[in-house]
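Working notes, beginning with the structure itself.
Residue numbers start from 1 in every chain, and the chains themselves are labelled A, B, ... in the order their sequence lines are given, proteins ahead of strands.
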Amino acid sequence: MPSEKRTNFIREIVKQDLKSGKWGGRVHTRFPPEPNGYLHIGHAKAICLDFGLAEEFGGKTNLRFDDTNPIKEEEEYIRSIIEDVHWLGFDWEDRLYFASDYFEQMYEYAEQLIRIGKAYVDDLPPEKIREYRGTLTTPGKNSPYRDRPVEENLDLFRRMRAGEFEDGSRVLRAKIDMSHPNMNMRDPVIYRILHARHHRTGDSWCIYPMYDWAHGLEDSIERITHSLCTLEFEDHRPLYDWFLDQLGVYHPQQIEFAPLNLTYTVMSKRKLKQLVVEGLVDGWDDPRLPTLSGLRRRGYSPEAIRAFSDEVGVAKKPSLTEIELLEHCLRTDLNQRALRVMVVLNPLKVTIRNYPEDQEEWLEADNNPERPEDGTRQIPFGRELWIERDDFREEAPRKYFRLAPGREVRLKHAYYITCVDVVKDEQSGEIQELICEYDPETKGGWSQDGRKVKGTLHWVSARHAQPIEVRHFDHLFTRKNPNEVESGKSFLDYVNPDSLTIIKGAMAEPSLAEARPGMYFQFLRQGYYSLDGKLSTASHLVFNRSVSLRDSWGKKQGS
RNA sequence: UGGGGAGUCGUCUAAGGGUAGGACAGCGGAUUUUGGUUCCGCCAGUCGGGGUUCGAAUCCCUGCUCCCCAGCCA
């Protein structure tokens, strides 16, 4: 369906609402991250949905930090989240909000809830509250403090705010129904005492609102129309609705969709954080992580991630998407834009014995055959070259059309060469060098006589080669779904010990010295690569492989 | 055995009484100065059982399976 925009059930609801005039023709969404970790590609799906929907229907989207728990939240996360959403290409204009900006208003609403007899201060300790809540199959029972008079509740709640009580000694709870089949409705806690410094409000509060209380109010205050969230909040919707109905305030519609899961990785912030804290990866932006900063460092483009978000769709079915789809989206984007360069990862020396000793020439190479307007560059050629060790076989299997003794191949953009001799180490038998001859009539890689050369190799002039470090990545986990753990094990037991391969002696053509982070390269015949801005120095360039090229030959060999 | 959700090719996702479509993956082939790209083709699905209907993925009944919920996290 190239011309038709892909639809989904939420988009249909929005279209329906627009038609019926339910929200006065408005579409106003929000992306509400808690600043307690870095954003990952699952968030990207939500961001694309929130911003994409508003964009499509002429609406607006707020970026709102849901910063109601000072114990877990940090400034660094706010910074990274802002950077990541911008990088993805979305703009919230002047609508950057913080839940903490509404604390006073939320507090007043809480007093209102107390006044209408729908909230009370409970002196039960945490264990007792849990005990009184009952279980999934048995009803809970009322707290002995449940029927305190309004005035007492008001007084106690004000004193909670004033800091008279210790953490955990009292809470404010909604008065709903302790035997409700939905656990969330069994008098949920709406304020807890936390003598903790908040990154924005400092020490002005020692009571903080709980998610269920805060979130609907935030949405209401901001006049959100469609409040999109993931499936696990489906159970919370009755509570979301209950609070807003009790207060009689503006009431957005919460709609839930299935979160994104990808094979061979984990998506929960808790687990990602654990990998970071335990030093199993190189920070939140480790290129093996599905974090947006990790993907960026690995060389993913925001366009690829947005295309992927469109591609996975939106539904309510819990799903596990194959990572291959993400990789496909990256290849599709990078094929169009990546600059082609030649890099030899595992060098094997080639001497062209009929090429003059001191001669060198500069040959023209296109930067991107998919986009001629990207022009050409000059690459140096000489008597001594590096080619890929893998591109030579002493004994060529059937269908192998790379270099072998007596065989002729094309050096991309250069000449046809024929292997005439193989130099080996006497002791080990290891191939040390290939002696070849070139055909001067094939400059540029064409022959006049029209003879066929099936194989084309990439190469680098030894004298001009720029040594670089290259990093290849494999899945971070050995299991398709590392969240499915056998008893007695943890997801950490499935971390892939071989997820990072460092290649030290790669040889690059000189133009790669101009590489900067954020530039996309295709190392010819190998894959897409990007400069690692964190590890590279002026004299030591490190390139990360974003994704390999598809390899139908290697696939055939491997099986 | 409480409540809330969900079941369509291997994976993701359309179709909402009228030919089950697309993408990824896989498999073949053509083109190719990247064994890339591009192009063409193939493979492959409505959870089971009843019912309503000329006609059911869609409506009804029933069964099964999977996911989420017992934080003073979000």
Practice prompt. Keeping the roles fixed (side chain from A:T265, backbone from A:L262), state whether a donor-acceptor pair exists under 3.5 Å.
Written response: no

Item to complete: Would you sort out whether A:E12 and A:K15 count as a salt bridge (charged side-chain N to carboxylate O under 4.0 Å, His left out), showing the intermediate values?
Response: CA-CA 5 Å; A:E12 293 306 311; A:K15 274 163 78 173; 3.7 Å; yes

Worksheet item: Which pair of non-hydrogen atoms, one from A:I224 and one from A:R64, has the smallest distance, and what is that distance?
Response: CG1-NH1, 4.4 Å

Discussion item. If I take atom NZ in residue A:K317 and atom C1' in nucleotide B:U11, what distance separates them, rounded to the nearest angstrom?
Written reply: 8 Å

Worksheet item: Of all the nucleotides listed (B:A23, B:U34, B:G4), which has the minimum atom distance to the side chain of A:H328?
Response: B:A23

Response to the item:
Under a 4.0 Å heavy-atom criterion, the protein footprint on nucleotides 27-32 of chain B, written with B, S and -, is S----B

Quiz: residues 314-322 of chain A side-chain donor-acceptor pairs under 3.5 angstrom, not counting sequence neighbours:
{"from": "A:K316", "atom 1": "NZ", "to": "A:E234", "atom 2": "OE2", "distance (Å)": "2.4"}

Practice prompt. Mind listing the closest non-hydrogen atom pair of A:Y191 and A:A110 along with its distance?
Written response: CE1-CB, 3.6 Å

Worksheet item: Reading RNA chain B 5' to 3', what string of ( ), [ ], | and . shows its pairs, if Watson-Crick and G-U wobble pairs count only when both distances fall under 3.5 Å?
Response: .((((((..((((....[..)))).(((((.......)))))....(((((..]....))))))))))).....

Worksheet entry | Selection from B:G35, B:U13, B:A15 that lies nearest to any side-chain heavy atom of A:S319 | B:U13

Worksheet item: Under 3.5 Å, side chain of A:D67 to main-chain N/O of A:S100, donor-acceptor pair present?
Response: yes

Worksheet item: Below 4.0 angstrom from OP1 or OP2 of B:U37, is there any side-chain N or O of A:R331?
Response: no

Worksheet item: Can you give one letter per nucleotide of nucleotides 67-74 of chain B, 5' to 3': B if a protein heavy atom sits under 4.0 Å from the base, S if only from the sugar-phosphate, - if neither?
Response: -BBBSBSB

Practice prompt. Indicate whether any N or O donor in one side chain lies under 3.5 Å from an N or O acceptor in the other, for A:H199 and A:E74.
Written response: no

Discussion item. By the rule that syn is within 90° of 0, classify the base conformation of B:G71 as syn or anti.
Written reply: syn

Worksheet entry | Side chain of A:T321 (C-beta onward), nearest among B:C24, B:C12, B:G35 | B:C12

Worksheet item: Along nucleotides 41-47 of chain B, 5' to 3', which nucleotides get a B, which get an S, and which get a -, given that the test is a protein heavy-atom distance under 4.0 Å?
Response: -------

Worksheet, complete the sentence: For A:A304, the side chain to side chain contact (heavy atoms under 4.5 Å, CB included) test, sequence neighbours excluded, returns A:S301, A:L330, A:D333

